[in-house]
2 protein chains.
Amino acid sequence: MKVKKDKIFFRSDCPISSALDLFGDKWSLLIIRDIAYFGERTFKDFSEAAEGISSSRLADRLSKLESLGVLTKSNHPTNRKVYLYNLTTKGFDLFPIIAEYVLWSNKYLYDHISEPAKEFAKMLQSDREGTLNQFMKK
Amino acid sequence: MKVKKDKIFFRSDCPISSALDLFGDKWSLLIIRDIAYFGERTFKDFSEAAEGISSSRLADRLSKLESLGVLTKSNHPTNRKVYLYNLTTKGFDLFPIIAEYVLWSNKYLYDHISEPAKEFAKMLQSDREGTLNQFMKK
DNA sequence: AATATAACTTCCAATATGAAAGTAAAAAAA
DNA sequence: TTTTTTTACTTTCATATTGGAAGTTATATT
């Protein structure tokens, strides 16, 4: 495990800009999404997501997210060359942000998004709390 | 007004990655924030925000957001060298995303964020719908 | 008439990203 | 038990994005 020195520096004391300083890139929330949706994931699992993240980028996002405390890395119970990534509560708490992105896209990019995504949006619309809890209480 | 050719291409049909393809940078949501919070803004107003966006970056985010239809640019009623930027409904509809960032940061970056931000988070916690409507129904 | 200002644009150095190839250790296959 | 795969990265390097500073142009102000 490497010691990363990426000092986080916040552009201001605004909670929005500060969150963006931490997760405001094109990949972090997709990593969170994968774990929230599928559960425990391996490096390879993330690599195979449709968006096609490069391994160098994936490696440093994972280590950044781990050092931020939104996810954990642990050993696979039987296979010693595989590691398992999971969300912490801090990570699951990003799920409402993800949900709002889904709702916005469902409204404005409807013709572009997948059927399962539309179903998920429908669930969120009819029962926001329940749907969020279902994903966050894992 | 220049014709920008930035073709948007989506990495996948996921609503989250697609939204990030449009707004997943460090500045777009801050521009939305400024208008949602203060109302109509000028180029200079945005430039003076605490985060310190550069004018080149500001210029191209504004034109990108305008071409995406989340904001509009119009003439100032009396001063012909000033332009006014406003949100469209599509832009206001990004506000719930912003609100969730505020709530997350209020929980996990509490010691770092400003007092007014904490107040806003409190409002959201006690009356989410009402608070969102207050900002989105402008 | 001279000066200042708003809204950009241009240019360039610095940083971030993506793609491809490489490495090490462990697991699976032969 | 030797060979081949597989997993989880790391390294390298070309390219894209960003930040900063210095213009530019058309008003507005003094």
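Per chain, numbering begins at 1; letters A, B, ... match sequence-line order.
- Contact annotation: B/Lys44 side-chain N/O to C/dA6 OP1/OP2 distance is under 4.0 Å.
- Taking atom CG of B/Asp45 as the reference point, atom P of C/dC8 lies 12 Å away to the nearest angstrom.
- Across all strands, B/Phe46 comes closer than 4.0 Å to no nucleic acid atom at all (heavy-atom distances).
- Classification of the A/Phe95-A/Phe135 ring pair by plane angle, with boundaries at 30° and 60°, yields parallel.
- Per the geometry, CD belonging to B/Glu40 stands 16 Å off P belonging to C/dA6, to the nearest Å.
- Spacing between atom CG of B/Leu58 and atom P of C/dC8 amounts to 8 Å, rounded to whole angstrom units.
- At the heavy-atom level, B/Arg57 lies under 4.0 Å from base atoms of the strands shown.
- Under 4.0 angstrom from either OP1 or OP2 of C/dT17 there lies no side-chain N or O belonging to A/Trp27.
- Residues B/Leu20 and A/Trp27 form no side-chain contact, since every pair of their non-hydrogen atoms from C-beta on lies 4.5 Å or further apart.
- Between B/Arg80 and C/dA7 there is no side-chain N or O to OP1 or OP2 distance below 4.0 Å.
- Comparing B/Ser56 and A/Asn79 by the nucleotide of DNA chain C that holds the closest heavy atom to each, the one mapping nearer the 5' end is B/Ser56.
- Backbone-only engagement by A/Thr42 is indicated by non-hydrogen atom pairs under 4.0 Å involving sugar-phosphate atoms exclusively.
- Distances shown here put every side-chain N or O of A/Lys26 at or beyond 4.0 Å from the OP1 or OP2 atom of D/dA16.
- Per the geometry, CD belonging to A/Glu48 stands 13 Å off C1' belonging to D/dA8, to the nearest Å.
- Using a 4.0 Å heavy-atom criterion, one finds that B/Tyr83 contacts the sugar-phosphate atoms exclusively.
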